[in-house]
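In what follows, a single structure is set out as structure tokens and then discussed.
Residue numbers start from 1 in every chain, and the chains themselves are labelled A, B, ... in the order their sequence lines are given, proteins ahead of strands. Small disclaimer: the values here were computed from a predicted structure and weren't measured.
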Number of protein chains: 2
Amino acid sequence: MATKQSGPIGRPRGFDTDEALERAMLVFWEQGYEGASLATLTGAMGISTTSMYAAFGNKEELFRKALERYTEGPSAYLARALDEPTAHRTATAILAGTIRTTTRPAHPRGCLGVQGALATGDSAQAVRDLLAAWRNDGCVRLRDRFRRAVDEGELPPETDPGLLSRYVTTLAFGIAVQAAGGVGRDELQEMADAALRNWPL
Amino acid sequence: MATKQSGPIGRPRGFDTDEALERAMLVFWEQGYEGASLATLTGAMGISTTSMYAAFGNKEELFRKALERYTEGPSAYLARALDEPTAHRTATAILAGTIRTTTRPAHPRGCLGVQGALATGDSAQAVRDLLAAWRNDGCVRLRDRFRRAVDEGELPPETDPGLLSRYVTTLAFGIAVQAAGGVGRDELQEMADAALRNWPL
DNA sequence: CCTCTTCCGCATCGGTCGCTACAGAAGTGC
DNA sequence: GCACTTCTGTAGCGACCGATGCGGAAGAGG
């Protein structure tokens with residue numbers, strides 16, 4: 001009957017799980033899934049391999065959780081953009097958010113969802129598929145947003161929401177690749193502005 | 001004085017260097033630089049590690065040569081596109097060539113220059129930089145082509161060639177990412193057609 | 001034939017990979 | 001104090017990483 005109000009028994013964890021996951025996410029972001037070794041990861045997390053396995057399972061599970069954290073952290077602009085009042089503002093916010101996130105100083109350049117595991121060996125195919133699904137999910141949610149805009153009469157009825165969302169996500173992924181190579185923020189923003197000057201396509 | 005007309009002395013090589021390099025390129029294309037192990041590479045090439053080292057130097061040199069082969073093979077559409085008579089046809093040819101190459105059945109999906117080493121560990125940074133320079137070179141050559149079109153009066157004098165080339169290459173890299181995730185050829189081509197419908201931007 | 005040069009198959013190098021067994025430390029509840 | 005549960009540091013697992021040493025095989029030139 002007594003509600004369990006006391007903490008879990010046993011020795012409490014000696015590190016902050018959220019902070020360790022944040023650091024792991026940064027390593028995956030910069031070096032990719034295959035490029036990030038456990039030694040590098042645990043070194044950045046400040047814990048031993050034993051603690052990492054006890055807290056996160058294994059490397060692949062750690063990556064999955066790092067991707068979730070990325071989605072709700074650096075990539076949260078996507079969810080916010082979908083709430084913009086118009087489709088045009090949604091597209092603008094997505095590209096601006098992508099550019100800001102992929103070119104932020106003191107953060108890894110590029111996008112974890114793009115460069116985390118774009119091409120991998122056999123042992124990392126599950127992670128590659130996970131990221132492909134992650135990217136596709138973003139495209140689908142954007143398509144639904146544009147479809148709503150068509151239904152509400154904001155966009156012309158002959159507009160193809162899938163085509164439009166594919167266009168915006170293609171630009172976003174391309175921006176991520178450019179940013180990973182060191183292309184500057186201002187140049188990308190000018191290009192994005194020009195790309196959305198005529199809308200919808 | 002006598003011109004050396006006889007072949008090199010010693011035991012001749014027992015395999016075709018070009019074909020072995022072609023197979024190595026395909027492995028790098030599909031699995032990336034870090035994901036492609038020497039065992040996988042030499043297995044696909046049909047030679048032993050000893051022969052690979054004797055013929056190509058090491059893994060990094062093998063990748064450099066595979067990238068050259070990729071540039072002159074699957075990515076040769078870029079050079080051809082730059083010779084198109086108009087800037088618009090150049091842009092159209094680049095996107096069409098990108099889509100065809102990144103979605104070709106029986107070939108790895110995506111683009112070696114994008115997914116070969118987009119994010120890597122420390123030991124592969126040189127390859128990452130090499131690919132970033134490769135991508136930037138494509139953008140620069142395209143910019144020069146557009147600049148010529150401005151000089152020749154084909155494009156309005158207020159056109160920014162750098163902006164335009166950044167736009168086209170961003171679309172191309174985004175297409176490569178989409179293709180790596182399994183997006184179909186027709187859908188990408190429809191999007192590319194729509195993206196270039198208003199030109200120049 | 002012999003000699004010379006190069007190539008190739010086998011074995012293996014030290015290092016690192018992801019991962020785990022074990023024992024002791026450090027907390028909780030009684 | 002005690003028993004119990006959980007976490008952590010060390011040490012090491014087998015497997016694979018990229019890269020080599022070595023000796024014999026194989027062809028070219030004489």
Side-chain angles (χ1 to χ4, degrees), chain A residues 1-21 24 27-28 31-66 116-117 120-128, chain B residues 2-21 24 27-28 31-66 116-117 120-127:
Chain A
M1 172 66 67
T3 59
K4 191 173 185 185
Q5 55 189 4
S6 61
I9 58 177
R11 178 177 173 179
R13 189 166 281 141
F15 60 95
D16 186 333
T17 308
D18 282 342
E19 187 174 332
L21 186 56
V27 173
F28 280 130
Q31 308 199 350
Y33 177 74
E34 286 179 325
S37 71
L38 277 195
T40 304
L41 286 164
T42 54
M45 297 165 87
I47 62 178
S48 66
T49 62
T50 313
S51 299
M52 194 284 285
Y53 275 87
F56 300 101
N58 57 21
K59 187 185 179 184
E60 185 175 326
E61 281 300 313
L62 177 63
F63 184 86
R64 295 184 117 89
K65 282 156 186 160
T120 68
D122 298 335
S123 64
Q125 270 195 358
V127 176
R128 173 159 43 158
Chain B
T3 59
K4 192 173 185 182
Q5 55 189 6
S6 61
I9 58 178
R11 178 177 173 180
R13 191 166 280 140
F15 61 94
D16 186 333
T17 309
D18 282 342
E19 187 175 331
L21 185 56
V27 174
F28 279 132
Q31 310 200 349
Y33 178 75
E34 285 178 326
S37 71
L38 277 196
T40 304
L41 285 165
T42 54
M45 298 164 85
I47 62 178
S48 66
T49 63
T50 313
S51 300
M52 194 284 286
Y53 275 89
F56 300 101
N58 58 21
K59 187 184 179 183
E60 186 175 325
E61 282 299 312
L62 177 63
F63 184 85
R64 297 184 117 89
K65 283 155 186 161
T120 69
D122 298 336
S123 63
Q125 270 194 356
V127 177

Is the backbone N or O of B:L38 less than 3.5 Å from a side-chain atom of B:T42, with the two atoms forming a donor-acceptor pair by type?
-> yes

Against the side chain of A:P12, the closest entry in D:dT20, D:dC17, C:dG27 is C:dG27

Can you tell me the distance, in whole Å, between the CG atom of A:L38 and the C1' atom of C:dT16?
-> 11 Å

Nucleotide C:dG9, atom P - distance to CE of B:M45 in whole Å | 13 Å

B:R11 (side chain) and D:dA25 (base): donor-acceptor pair under 3.5 Å | yes

Separation of B:L62 atom CG from D:dC17 atom C1', in whole Å?
-> 16 Å

Selected nucleotide, minimal atom distance to A:T50 side chain, candidates D:dT10, C:dT6, D:dA19 | D:dT10

Could you check B:G57 against A:I47 and say which one's nearest nucleotide on DNA chain D is further toward the 5' end?
-> A:I47

Counting heavy atoms from C-beta on, name the nucleotide in D:dC7, D:dC17, D:dG21 closest to the side chain of B:S37.
-> D:dC17

Residue mapping more 5' on DNA chain C - nearest nucleotide basis, A:M52 or B:R13 | B:R13

What is the distance, rounded to the nearest whole Å, between atom NZ of A:K59 and atom P of C:dC17?
-> 9 Å

Closest heavy-atom contact between B:R13 and B:A54?
-> NH2-O, 4.5 Å

Rounded distance (Å) that lies between atom C1' of C:dT6 and atom CZ of B:F15 | 12 Å

Tell me what B:A124 touches on the nucleic acid: a base, only sugar-phosphate, or nothing, going by heavy atoms under 4.0 Å.
-> nothing

Please report, rounded to the nearest Å, how far the C1' atom of D:dG9 is from the OH atom of A:Y53.
-> 16 Å

Has the side chain of B:E34 got a donor or acceptor atom that lies under 3.5 Å from a matching backbone atom of B:G121?
-> yes

Any idea which heavy atoms bring B:T120 and B:Q125 closest together, and the distance?
-> OG1-N, 3.8 Å

Taking only side-chain nitrogens and oxygens of A:S48, does any of them come within less than 4.0 Å of OP1 or OP2 of D:dG9?
-> yes

Aromatic plane relationship, B:Y33 with B:F63 - under 30° parallel, 30 to 60° tilted, over 60° perpendicular | perpendicular

Side-chain atoms of A:I9 come closest, of D:dG21, C:dC19, C:dG29, to C:dG29

Specify the separation, in whole Å, of atom CD of B:E60 and atom P of D:dG18.
-> 13 Å

Nearest-Å distance, CG (A:D16) to P (D:dC7)?
-> 15 Å

